[in-house]
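We're numbering straight along the sequence, starting at 1. What's counted below: heavy atoms across the whole structure, side chains too, no hydrogens, waters or symmetry copies.
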Amino acid sequence: MPAEPPSQEPAPRGRLATLAVRVASAAVLIALVAATLAWWMPGFVLLVGVLLAIAVLELNRAAGRAGAKPAWPVLVVAVPGTIIAAYAAGTWAAPGRPSAGLVAEPVAVGVMVATVGLLAALGVRLRGGTHGYLRDTGASALILAYLAIVGLSVVIIVLSAHPVAYLVSYVVCIAANDSGAYWAGSLAGRHKMVPGISPAKTWEGFAGGLVLAAVAGVLVGRFLLHVGVAWGVAFGLVLACGATVGDLVESAMKRDAGQKDMGHLLPGHGGALDRLDSMLYCAPLAVVLYSLMGLIGTVVRWG
């Protein structure tokens, strides 16, 4: 009598083990972020810098699979250096220096560090000759802009009068969008958004993300930002749209490189950029919205 074919369904223990690994790795990252935000803000900036350095290596690997060769030794220093230098410029106070300064100063310092990094990348690539020069230096410029320049928005939020409230508010709206999109897409998803980039995303899921993000925006607006309902709804909706585009941008990069995840930093979650994609993309949007609300102006706190 022939043996029965093995079951194609994953064993329950295997699914539980995978879920446990995902939860544990996420808990470790959340604990690190929460601890640094609560007790040591410079540690939070350093943590962001480390994650961005790992993201540089992930993007370098993806670019290599797509045929480009960024100047990663330069970028892995310049990207976190941009963030750390901007934060240092925003918190340094010398005798006789005013207790508050323009937000333009730390941002200008960060942009200058990123510019030096770009010039170094252009120079280093000369050793490889002219073939593929534009392709490789373009990839280096993209990594700097995507990670370092966009990441400066995080520094602006950190240097604000209420950094924890502002960081938590925009992250909560992004998480609400992800949850709403997942559940709405799972239950009612029928119409694909961009199947060539992300086959799982549906317009129904997108709508579910918008609704839950708007609710989250109203809640954080009421209890953390102290703004009206209209601003809360606008905050949630804009970040939901930004989070969706940010996720699609990273998915397009991965598909171009022919890989499923950017890396393996967090077991069950992928690489650093797999976790940072939406948050990076939404950080400048959050800064603009906070400025329009009058929460972040031209002046930020020093020290």
Side-chain angles (χ1 to χ4, degrees), residues 25-58 74-117 143-144 146-172 174-175 220 224-225 265-266 271-273 275-284 286-287 290-291 295-303:
S25 59
V28 170
L29 181 60
I30 291 172
L32 284 173
V33 171
T36 53
L37 281 178
W39 294 298
W40 194 41
M41 191 61 73
F44 172 75
V45 176
L46 289 174
L47 178 60
V48 172
V50 169
L51 291 174
L52 289 178
I54 295 171
V56 168
L57 299 178
E58 293 173 353
V74 173
L75 302 177
V76 81
V77 175
V79 168
T82 297
I83 308 302
I84 294 170
Y87 178 74
T91 55
W92 173 68
R97 186 181 179 87
S99 60
L102 296 178
V103 71
E105 184 169 343
V107 171
V109 169
V111 170
M112 288 305 301
V113 172
T115 302
V116 171
I143 292 174
L144 269 171
Y146 184 44
L147 298 181
I149 303 302
V150 172
L152 281 175
S153 298
V154 177
V155 176
I156 296 176
I157 298 175
V158 168
L159 291 173
S160 67
H162 305 285
V164 176
Y166 297 164
L167 285 168
V168 168
S169 294
Y170 105 92
V171 171
V172 164
I174 294 171
V220 298
L224 293 178
L225 305 179
L265 175 66
L266 294 173
L273 200 53
R275 294 299 91 200
L276 295 176
D277 54 358
S278 296
M279 286 182 279
L280 269 177
Y281 199 93
C282 284
V287 169
Y290 289 147
S291 298
L295 302 177
I296 295 179
T298 56
V299 176
V300 298
R301 184 183 54 173
W302 297 92

Which pair of non-hydrogen atoms, one from [X] and one from [Y], has the smallest distance, and what is that distance?
| X | Y | value |
| --- | --- | --- |
| Leu159 | Thr91 | CD2-CG2, 3.7 Å |
| Ala53 | Val76 | O-CG2, 3.7 Å |
| Gly151 | Leu280 | CA-CD2, 4.0 Å |
| Val113 | Ala85 | CG2-CB, 3.7 Å |
| Glu58 | Ala272 | OE2-N, 2.7 Å |
| Thr82 | Gly110 | CG2-O, 3.1 Å |

Could you state the interatomic distance from [atom1] ([X]) to [atom2] ([Y]), rounded to the nearest 0.5 Å?
| X | Y | atom1 | atom2 | value |
| --- | --- | --- | --- | --- |
| Ile54 | Leu273 | CD1 | CG | 11.5 Å |
| Leu47 | Ile83 | CG | CD1 | 12.5 Å |
| Ile157 | His162 | CD1 | NE2 | 14.0 Å |
| Ile174 | Ser278 | CD1 | OG | 6.0 Å |
| Ile156 | Tyr290 | CD1 | OH | 12.5 Å |
| Tyr146 | Asp277 | OH | CG | 5.5 Å |

With the side chain counted from C-beta on, respond yes when [X] and [Y] share a heavy-atom pair under 4.5 Å apart, and no when they do not.
| X | Y | value |
| --- | --- | --- |
| Leu167 | Val158 | yes |
| Tyr87 | Val48 | no |
| Tyr166 | Leu224 | no |
| Pro80 | Val50 | no |
| Phe44 | Val154 | yes |
| Ile149 | Leu144 | no |

